[in-house]
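All remarks here apply to the structure that follows.
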Amino acid sequence: MSKDLLNFQALIDETEQPKPYDRGRDSMWTDPYISKRLLQVHLDPNVEAASRSPKAIEATLAYIQSLVEKPASILDLGCGPGLYTHQLAMRGYQVTGIDYSVRSLDYAKERRDTEELSITYLQQDYRSLQLDQKYDLIMMIYCDFGALIPEEQVIVASAIKQSLKPGGIFLFDAITEASIADMCFSTSYSIAERGFYSPEPYLCLDKQFHFPLHHAVLDQHLILFEDGTSRLYRFWNHYFTTQQIQALGFSHITMKTGLLHGSGPYNNEKVAFYAVQP
Ligand SMILES: C[S@@+](CC[C@H](N)C(=O)[O-])C[C@H]1O[C@@H](n2cnc3c(N)ncnc32)[C@H](O)[C@@H]1O
């Protein structure tokens, strides 16, 4: 939160023409109020904004089951409230989930304990993973690998390669070049009394950008409050070519589209699932 920023020229300079990979000023995932709202969004089966629909999750689980047989060991990076880890444990896999949202992990742990399942949950930032075990499959679902900037992709891919057993698979999904046609690179606004970003009233200015040379898209949200303070959230994402994935050190690449049938670029049939091996 930055005070004294309701200086329109300064805000225009800051937000009109962001460059790859300008960061926002604020982080959504760990904000206590937002994380509460986010958990509700994760758990709402009718909203595909933080986790996908039960049907999409089931399609993804079926794909995972076709890749590795139980009781394979699976690590879910960015597991959120454990919608996948829970199901995988029920189906006989040895599962670990990592997330840095305490609120999501608390929900996942409580559900695990109530249902007496064996799942390991670790609170870590996956950009600096500390693992003492190797896995048959490491997954990152909901276009989260592409949400990393390229330097972070290299770091995370390297940690994943070190943490895979021989023959192990890294499974991630990502938007594709075809998804760009479903995005609106326009500006829109909304006013909320007690909205997703804050219990205080705010005006939200949203803008989406495409950086074709970087294969990157940016969702930018500028939040203006009545007291003159503002917040700036930026979410980057990427689409990948086979060569880019090879450059990250993965040589065996299987790409599958058509698995999802939800709405919008992060949930429809154009989203690609990459099962890759070093
Ligand atoms: C879009 S949600 C997807 C959650 C889950 N994969 C699913 O599809 O239901 C992204 C998740 O990644 C977590 N996350 C984002 N950045 C992270 C980081 N650097 N380290 C650990 N977790 C992170 C967030 O807290 C959130 O739970």
Side-chain angles (χ1 to χ4, degrees), residues 21 23-24 26-61 63-64 74-89 95-109 111-112 119-131 137-160 163 170-175 196 217 219 221 233-238 259-260 262 264-268 271-274:
Y21 285 99
R23 299 216 180 247
D26 301 274
S27 168
M28 180 179 85
W29 302 111
T30 45
D31 175 290
Y33 172 81
I34 298 178
S35 74
K36 198 170 171 187
R37 294 296 297 255
L38 200 55
L39 180 58
Q40 292 167 348
V41 176
H42 274 297
L43 300 178
D44 186 337
N46 301 311
V47 180
E48 290 203 288
S51 292
R52 296 200 173 107
S53 67
K55 212 170 148 194
I57 292 175
E58 187 50 49
T60 307
L61 291 167
Y63 185 44
I64 293 169
I74 298 182
L75 171 65
D76 185 359
L77 295 178
C79 63
L83 301 180
Y84 296 83
T85 46
H86 179 87
Q87 280 299 323
L88 289 165
V95 192
T96 301
I98 286 186
D99 206 288
Y100 63 15
S101 164
V102 175
R103 199 179 293 272
S104 282
L105 287 180
D106 282 350
Y107 173 90
K109 287 179 194 167
R111 192 172 177 207
R112 169 199 65 190
I119 308 172
T120 304
Y121 285 114
L122 304 171
Q123 195 216 350
Q124 282 189 27
D125 184 328
Y126 51 55
R127 294 167 298 184
S128 49
L129 277 175
Q130 293 185 325
L131 299 170
L137 183 139
I138 300 181
M139 57 191 267
M140 232 172 147
I141 300 296
Y142 210 132
C143 303
D144 287 359
F145 185 69
L148 297 167
I149 64 168
E151 289 78 13
E152 293 171 337
Q153 289 170 14
V154 172
I155 292 167
V156 173
S158 160
I160 287 171
S163 306
F170 172 39
L171 175 70
F172 68 100
D173 61 325
I175 53 169
F196 178 79
V217 293
D219 279 301
H221 309 283
Y233 296 101
R234 286 196 175 121
F235 302 101
W236 290 94
N237 219 303
H238 293 86
L259 202 65
L260 305 178
Y266 293 93
N267 300 304
N268 68 18
V271 171
F273 283 74
Y274 297 94

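Whatever order the structure lists them in is the order used to number ligands and atoms, beginning at 1. This is a predicted model, so every value here is computed, not measured.
The shortest N or O to N or O distance between Ser104 and ligand 1 is not below 3.5 Å. Polar contact check, Leu77 against ligand 1: no nitrogen or oxygen pair lies under 3.5 Å apart.
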Exercise for review: Might you work through the side chain to side chain contact (heavy atoms under 4.5 Å, CB included) test for Leu88 and Asp76, ending with a clear yes or no?
Suggested key: CA-CA 10 Å; Leu88 289 165; Asp76 185 359; 5.9 Å; no

**Study point:** Verdict with supporting geometry, Trp29 and Ile34, side chain to side chain contact (heavy atoms under 4.5 Å, CB included)
**Key:** CA-CA 7 Å; Trp29 302 111; Ile34 298 178; over 6 Å; no

Exercise for review: Would you check, one step at a time, whether the test side chain to side chain contact (heavy atoms under 4.5 Å, CB included) holds for His221 with Met28?
Suggested key: CA-CA 11 Å; His221 309 283; Met28 180 179 85; over 6 Å; no

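Of the protein's non-hydrogen atoms, Tyr100 CE2, 3.3 Å is the one closest to atom 18 (C) of ligand 1. Protein heavy atom closest to atom 19 (N) of ligand 1, with residue, atom name and distance, is Asp125 OD1, 2.9 Å. Summary of contacts: the protein heavy atom closest to atom 26 (C) of ligand 1 is Asp99 OD2, 3.5 Å. In terms of protein heavy atoms, atom 20 (N) of ligand 1 is closest to Tyr126 N, 2.9 Å. Remark: minimum distance from atom 10 (C) of ligand 1 to any protein heavy atom is reached at Asp144 OD2, 3.1 Å.
Look at Gln124 and you'll find a heavy atom under 4.0 Å from some atom of ligand 1. Ligand 1 lies within reach of Ala50, whose nearest heavy atom is under 4.0 Å from it.
Under the side-chain contact (heavy atoms from CB on, under 4.5 Å) test applied with Cys79, the options Leu105, Thr96, Ile98, Val95 reduce to a single match, Leu105. The only option from Asp173, Val47, Leu83 that meets the side-chain contact (heavy atoms from CB on, under 4.5 Å) definition with Arg52 turns out to be Asp173. With Tyr126 as reference, Leu148 is the one residue of Leu148, Asp99, Ile160, Ile138 to meet the side-chain contact (heavy atoms from CB on, under 4.5 Å) rule.
Close approach of ligand 1 to Tyr142 is summarised as follows: ligand atoms under 4.0 Å from at least one heavy atom of the residue are 3 (C), 8 (O). Near Tyr84, with a cut-off below 4.0 Å to any heavy atom, the atoms of ligand 1 are 7 (C), 8 (O), 9 (O). In summary, the atoms of ligand 1 found under 4.0 Å from a heavy atom of Ser101, numbered by their order in the structure, are 25 (O). With ligand atoms numbered from 1 in the order given, ligand 1 contributes 27 (O) to contacts under 4.0 Å with heavy atoms of Gly80. Within the listing of ligand 1, atoms 19 (N) sit less than 4.0 angstrom from a heavy atom of Arg127.
Using a 30° and 60° split on the angle between ring planes, Phe145 and Phe172 fall in the tilted class, from 30° to 60°.
Residue Ile57 does not touch ligand 1, judged by heavy-atom distances below 4.0 Å. With a heavy-atom cut-off of 4.0 Å, Trp29 touches ligand 1 through its side chain alone. Neither the backbone nor the side chain of Arg52 comes within 4.0 Å of ligand 1, counting heavy atoms alone.
Taking the centre of each ring, Tyr107 and His86 stay at or above the 6.0 Å mark.
Checked by atom type and distance alone, the side chain of Glu152 pairs as donor or acceptor with a backbone atom of Ile149 at under 3.5 Å. No donor-acceptor distance shorter than 3.5 angstrom exists from the side chain of Ser158 to the backbone of Val154, with no hydrogens or angles considered. Side chain of Asn267 to main chain of Glu48: a donor-acceptor pair is present (N/O by atom type, distance under 3.5 Å, no hydrogens or angles).
Across Ser51, Ala108, Gly78, heavy-atom proximity to atom 5 (C) of ligand 1 is greatest for Gly78.
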